[in-house]
K.L.:
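The structure follows.
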Amino acid sequence: MIDLTIDAGHGGKDSGAVGTTGVKEKDITLKLALKVGKILSSRGVSVNYTRTDDSSVELSQRAAIANNSKARFFLSIHINSASSPTANGTETYAFSAGGQGEKLAAAVQKNLVAAIGLTNRGVKFANFAVLRETAMPAALTEVNFICNPKEEAMLKDEAFLDKTATGISKGVVEFLGLKWEQQPQPTKPPETPKVEGITRIMGTAQATVSQMVSFAMKGNKEPQLPSCTLKELAEIFVSEAKAEGVRADVAWAQSLHETGYFKYGGIVKASQNNYAGIGALNGNAEGQAANFPTPIIGVRAQIQHLKAYASKEALVNECVDPRFSLVTRGSAEFVEWLGVADNPNGKGWAYLGRGYGASVISLLNGILKEEKEVEDGIPQWQKDALETLVEKKVIGDRAYWSKRLGEKITIGEVLGLLAKL
Ligand SMILES: [Zn+2]
């Protein structure tokens, strides 16, 4: 839907009024129309134009352009002229009193006068063709008098034209009931400072399987993993990551971020063995992300996709990542660069992904803060047995016995324990 058709008066063979030093109305109205359109577009007002270059457009065609596009409102921009070289000031026309056209004219007139400070000649009514033939409320503004050398000189000043365009635009915005103070709507993502890359994706994991598992359990006691246990999955991450030279803990942190600690609930379903939303683009319907036949293949695809971004090295395993070939190899060496918006190369895993890398890093730090289990070679069933006996109060000093799990036991100690049972 078009909010406003902007009509630059005259054009082509019709110069409009011409000043004593040769300034042509048609050139000024075109400049102003384009400036107004740019300002309004940046504030979310949709506009079209009756002309955007120096072409001749009949008056009835101007109205037809607005009518055919079903624009809500119409605004024609002109520069005034009179026989007297001292005629001066600003005036804005509507077709008749009492309607929306008059309100539009009044808002434009008020804001334009406030912006450029010339004589306020007020809102007037006239049977101009573009006001008459347009189907929507319409106004026509006459910025100043080109026949007045002082006011003609202003029209040569780009800063004056900018002020004029701003005044007209403010009037339209006020008439539409929008707030001028609102931040302009960016037409493209704003430039943001890129993030310094620190944490390499390639390398050896610093976290152990037990740290990965215990951190994940803190975030979600019931991970949705239909095909394996959490520990088995962490072990798959470690072996698959190692095969390709990727940090398993980084990939794990990314999966926690992508799946919400394996809670899922987004586009990807737990049954898809897709732990990093591969192929789950914004706007995809539920379940359209890639499906992987097993956890191993799912993890392998994620590791390969990370490697695609983090390195230019060839894959070790056969490629199972369906999107591997779409990645610019080596374009995101660091975790901090996985979000496109944060990456000086303008590439990355997540679009726009501002802060994506930081979220993964924060999870990685959480994993690394988990207590590291001592690599003591004691089988888990023996550790579990100790916990059971502590719980059952057969053993009182957990710390004492925990340290001695690998030692030999004396007959006396056995008898002591048996007696407690
Ligand atoms: Zn004119």
Side-chain angles (χ1 to χ4, degrees), residues 4-37 47-66 71 73-96 101-102 104-106 108-109 111-113 115-116 118-134 136-157 160-161 163-165 167-169 171-172:
L4 184 74
T5 295
I6 303 171
D7 176 44
H10 313 280
K13 59 186 192 293
D14 169 17
S15 295
V18 181
T20 52
T21 69
V23 176
K24 292 183 180 117
E25 182 184 358
K26 68 169 187 177
D27 296 330
I28 305 301
T29 58
L30 179 59
K31 276 190 180 182
L32 288 173
L34 296 176
K35 283 179 194 286
V36 167
V47 302
N48 64 0
Y49 304 88
T50 54
R51 68 177 178 102
T52 54
D53 57 21
D54 185 29
S55 48
S56 299
V57 184
E58 296 299 321
L59 291 175
S60 55
Q61 205 188 326
R62 293 169 192 259
I65 288 168
F73 304 102
F74 180 93
L75 178 67
S76 190
I77 299 172
H78 287 255
I79 309 297
N80 223 335
S81 188
S83 51
S84 164
T86 58
N88 66 91
T90 305
E91 59 194 28
T92 303
Y93 288 85
F95 183 68
S96 59
E102 184 189 6
L104 173 60
V108 168
Q109 174 69 12
N111 285 279
L112 179 52
V113 168
I116 62 178
L118 299 181
T119 306
N120 186 351
R121 299 168 62 97
V123 170
K124 300 180 174 182
F125 305 99
N127 187 14
F128 293 142
V130 290
L131 299 182
R132 183 180 63 242
E133 292 177 20
T134 42
M136 64 290 300
L140 182 151
T141 190
E142 302 270 11
V143 175
N144 69 358
F145 280 80
I146 206 165
C147 57
N148 177 332
K150 258 200 248 170
E151 296 199 349
E152 182 193 8
M154 294 171 186
L155 299 173
K156 295 178 191 169
D157 176 9
F160 175 82
L161 297 182
K163 271 197 288 184
T164 303
I168 292 171
S169 303
V172 172

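When a ligand or atom number is given, it counts from 1 through the structure's own listing order. As a basis for the values below, the full set of heavy atoms in this structure was taken, side chains included, without hydrogen atoms, waters or symmetry mates.
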K.L.:
Does atom NZ of Lys24 have more than 12 heavy-atom neighbours, drawn from other residues, nucleotides or ligands, at distances under 6.0 Å?
P.N.:
no
K.L.:
Do other residues, nucleotides or ligands put more than 12 heavy atoms under 6.0 Å from the NZ atom of Lys156?
P.N.:
yes
K.L.:
Return the NE2 to NZ distance between His10 and Lys26, rounded to the nearest 0.5 Å.
P.N.:
11.0 Å
K.L.:
Classify the side-chain pair Glu133/Ser60 by whether it contains a donor and acceptor separated by less than 3.5 Å.
P.N.:
no
K.L.:
Spell out the protein N/O/S atoms under 2.8 Å from the Zn ion (ligand 1) as residue plus atom name.
P.N.:
His10 NE2, Glu25 OE2, His78 ND1
K.L.:
I'd like to know whether NZ of Lys31 has more than 12 heavy-atom contacts from other residues, nucleotides or ligands below 6.0 angstrom.
P.N.:
no
K.L.:
Closest approach of Tyr93 and Ala126, non-hydrogen atoms and distance?
P.N.:
CD2-CB, 3.5 Å
